[in-house]
**Q** 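My questions all concern the structure below.
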Amino acid sequence: AMLRLRLLTWDAKDTLVRLRQPLGESYAAEAQAHGVRVQPAALSRSFREAYGAQSRRFPNYGQGRGLSSQQWWVDVVKQTFRLSGVHEDRLLTLMAENLYRDFCSARNWEVLPGAGETLSWCRQHGLRMGVVSNFDNRLENILSQCNLRHHFEFVLTSEDAGFAKPDRRIFEQALRLGGVPPEQAAHVGDDYTRDYRAARAVGMHSFLLRAAGQGEEPEVPPEHVLPTLSHLLALLEK
């Protein structure tokens, strides 16, 4: 039945692109540039705390709460440094704005192995493609800088959609953008709940990108698991 597919949607972070280095190291380097020494591990812990608190308070980058996603992120970055012991306001603002800008570029993101080749193959075989990602509006730019944007008819972020995966409405929007019924579409992602299960809940096919040895979800048939992106090609050729 795989040959019935007309549309493939893709998660972005840790499916197509990933951070070049741990986030704490990027934050520590920014601090270092201003003569402030903070341990990367401390910053990583602080970031998880700050990001978690902000996400609970203002879900989906403050969507519908009068907060721009840029302001949402700047607040997270400042709080990350505060929790790590840096308190000078002017410095916090400067570092937060620099990091917001830097995380918009290929300086901090790299393409996952096999992603470019897999996307090219899918396009050559007539599949239409889009991105469905819990991300803010910087994603278009990140994908362009990583030379992947041209593969996709649309890039739908949770900020644009107003809903974040696993909410079915973001997948319904993607299907409308792609103009295909769910049974002719498949979603590829690395998160069991937000990608694999959520796409299936709207009637799409889906594949779970998961390196060997990562947690086993009993509900995922082995033929739906991709140890690497390149494994998708063999499945689609069937």
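All values below were derived from every heavy atom in this structure, side-chain atoms included, with hydrogens, water molecules and symmetry-related copies excluded.
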**Q** Honestly curious: do Phe135 and Leu67 fall in one hydrophobic cluster under the side-chain, below-4.5 Å linking rule?
**A** yes

**Q** What closest approach, in Å, do Arg194 and Asn134 show between heavy atoms, and which atom pair accounts for it?
**A** CD-ND2, 3.4 Å

**Q** Are a donor atom and an acceptor atom from the side chains of Asp195 and His187 found within less than 3.5 Å of each other?
**A** yes

**Q** Quick one, Leu233 and Glu117 - any side-chain contact, counting heavy atoms below 4.5 Å?
**A** no

**Q** Within the structure provided, determine whether Lys13 and Ser133 are in side-chain contact (heavy-atom separation under 4.5 Å).
**A** no

**Q** About how many Å separate SG of Cys122 and CG of Leu127, when rounded to the nearest 0.5 Å?
**A** 5.5 Å

**Q** Donor-acceptor pair, distance only, cut-off 3.5 Å: does the side chain of Glu153 make one with the backbone of Gly130?
**A** no

**Q** Before accepting this row, confirm whether a basic side-chain N of the pair Asp190/Arg210 lies closer than 4.0 Å to the acidic partner's carboxylate O.
**A** no

**Q** To the nearest 0.5 angstrom, please state how far the CD1 atom of Ile142 sits from the CG atom of Asn108.
**A** 9.0 Å

**Q** Given side chains that start at C-beta, do those of Leu8 and Leu236 come closer than 4.5 Å, heavy atoms only?
**A** yes

**Q** Just by distance, with hydrogens left out, do Ser26 and Gln21 show a side-chain donor and acceptor under 3.5 Å apart?
**A** yes

**Q** Quick one: CG on Leu5 to CZ on Arg128, what's the gap to the nearest 0.5 Å?
**A** 12.5 Å

**Q** When you group the ILVMFWY residues by side-chain heavy-atom contacts below 4.5 Å and let the links chain together, are Leu112 and Leu23 in the same group?
**A** yes

**Q** Could you report the tightest heavy-atom contact between Ser46 and Thr80, atom names first, then the distance?
**A** CB-O, 3.3 Å

**Q** More than 12 heavy atoms of other residues, nucleotides or ligands under 6.0 Å from CD of Glu88: yes or no?
**A** yes

**Q** Contact between Arg6 and Pro181 at the side-chain level, heavy atoms closer than 4.5 Å - yes or no?
**A** yes

**Q** How would you list, by chain and number, every residue that makes a ring pair (Phe, Tyr, Trp, His ring centres under 6.0 Å) with Trp72, sequence neighbours excluded?
**A** Tyr51, Tyr61

**Q** Would you call Arg149-Glu140 a salt bridge at under 4.0 Å N-O?
**A** yes

**Q** Carefully, step by step, assess Arg4 and Glu183 under the rule salt bridge (Lys or Arg N to Asp or Glu O under 4.0 Å).
**A** CA-CA 8 Å; Arg4 299 273 174 267; Glu183 61 275 10; over 6 Å; no

**Q** Minimum heavy-atom separation for Val77 to Ala96, with atom names?
**A** CG1-CA, 3.7 Å

**Q** Would you say the side chains of Thr93 and Lys78 form a donor-acceptor pair under 3.5 Å?
**A** yes

**Q** What closest approach, in Å, do Ala106 and Gln145 show between heavy atoms, and which atom pair accounts for it?
**A** N-OE1, 3.1 Å

**Q** State, without any angle test, whether Gln79 and Asp75 hold a side-chain donor-acceptor pair at a distance under 3.5 Å.
**A** no

**Q** List the steps and the verdict of side-chain contact (heavy atoms from CB on, under 4.5 Å) for Val155 and Leu139.
**A** CA-CA 8 Å; Val155 172; Leu139 185 57; 3.9 Å; yes

**Q** At what distance, to the nearest 0.5 angstrom, does NZ of Lys165 lie from OG1 of Thr9?
**A** 8.0 Å

**Q** Working note: Phe171 + Leu156, criterion side-chain contact (heavy atoms from CB on, under 4.5 Å); need CA distance, chi angles, decisive distance, verdict.
**A** CA-CA 9 Å; Phe171 288 101; Leu156 182 61; over 6 Å; no

**Q** Could I get the full list of salt bridge (charged side-chain N to carboxylate O under 4.0 Å, His left out) partners for Arg65, not counting sequence neighbours?
**A** none

**Q** Could you tell me whether the side chain of Thr228 reaches within less than 4.5 Å of the side chain of Thr118, counting heavy atoms only?
**A** no

**Q** Would Leu175 end up clustered with Leu177 when hydrophobic side chains under 4.5 Å apart are linked, directly or stepwise?
**A** yes

**Q** To the nearest 0.5 Å, what is the distance between OG (Ser44) and CD (Glu25)?
**A** 7.5 Å

**Q** For the residue pair Asn141 / Ser144, report whether a side-chain donor-acceptor contact shorter than 3.5 Å exists.
**A** no

**Q** Quick one, Asp191 and Asp11 - any side-chain contact, counting heavy atoms below 4.5 Å?
**A** no

**Q** Using side-chain contact (heavy atoms from CB on, under 4.5 Å) as the criterion, list what pairs up with Arg176, not counting sequence neighbours.
**A** Glu172, Gln173

**Q** Could you check whether any side-chain N or O of Ser105 sits under 3.5 Å from a backbone N or O of Asp102, counting only pairs where one atom can act as donor and the other as acceptor?
**A** yes

**Q** Please name all residues satisfying ring pair (Phe, Tyr, Trp, His ring centres under 6.0 Å) with His224, sequence neighbours left out, ordered by chain then number.
**A** Tyr196

**Q** Decide if atom CZ of Arg82 counts as having more than 12 heavy atoms of other residues, nucleotides or ligands within a radius under 6.0 Å.
**A** yes

**Q** For Arg57, check salt bridge (charged side-chain N to carboxylate O under 4.0 Å, His left out) against everything at least two apart and list the hits.
**A** none

**Q** Main chain of Gln32, side chain of Arg37: is a donor-acceptor contact present, judged purely on distance under 3.5 Å?
**A** no

**Q** For Phe47 and Val76: C-alpha separation, side-chain torsions, deciding distance, then whether side-chain contact (heavy atoms from CB on, under 4.5 Å) applies.
**A** CA-CA 7 Å; Phe47 174 80; Val76 168; 3.8 Å; yes

**Q** Would Val132 and Ile170 count as a side-chain contact (heavy atoms from CB on, under 4.5 Å) if you check the C-alpha gap in whole Å, the side-chain angles of each, and the deciding distance to 0.1 Å?
**A** CA-CA 8 Å; Val132 178; Ile170 192 170; 3.9 Å; yes

**Q** Can you list the residues that meet the side-chain contact (heavy atoms from CB on, under 4.5 Å) rule with His34, with sequence neighbours excluded?
**A** Glu30, Leu91, Leu94, Met95, Asn98

**Q** What's the shortest heavy-atom distance between Asn60 and Phe163, and which atoms?
**A** ND2-N, 3.6 Å

**Q** Using the rule that Ile, Leu, Val, Met, Phe, Trp and Tyr join whenever any side-chain heavy atoms are under 4.5 Å apart, tell me whether Met204 and Leu232 fall into a single cluster.
**A** no

**Q** Measuring from Glu49:CD to Gln54:CD, what's the distance to the nearest 0.5 Å?
**A** 12.5 Å

**Q** What I'd like to find out is whether the side chain of Leu235 reaches to under 4.5 Å of the side chain of Leu226, using heavy atoms alone.
**A** yes

**Q** State, to 0.1 Å, how close Cys146 and Val17 come at their nearest heavy-atom pair, and which atoms those are.
**A** SG-CG1, 4.2 Å

**Q** Taking the six-membered ring for Trp and the full ring for Phe, Tyr or His, determine whether the centres of Phe154 and Trp10 are under 6.0 Å apart.
**A** no

**Q** Taking the cut-offs as 6.0 angstrom to the six-membered ring centre and 45 degrees off its axis, would you call Arg138 and Tyr100 a cation-pi pair?
**A** yes

**Q** Answer yes or no: is there a donor N or O on one side and an acceptor on the other, between the side chain of Arg20 and the main chain of Trp109, under 3.5 Å?
**A** yes

**Q** Measuring only between side-chain heavy atoms, which start at C-beta, is Gln63 closer than 4.5 Å to Pro59?
**A** no

**Q** Check the hydrophobic clustering (I, L, V, M, F, W, Y; side-chain heavy atoms under 4.5 Å; chains of links allowed) and say if Leu7 and Val188 are grouped together.
**A** no

**Q** Which class fits the ring pair Phe103 and Tyr27: parallel under 30°, tilted 30 to 60°, perpendicular over 60°?
**A** perpendicular

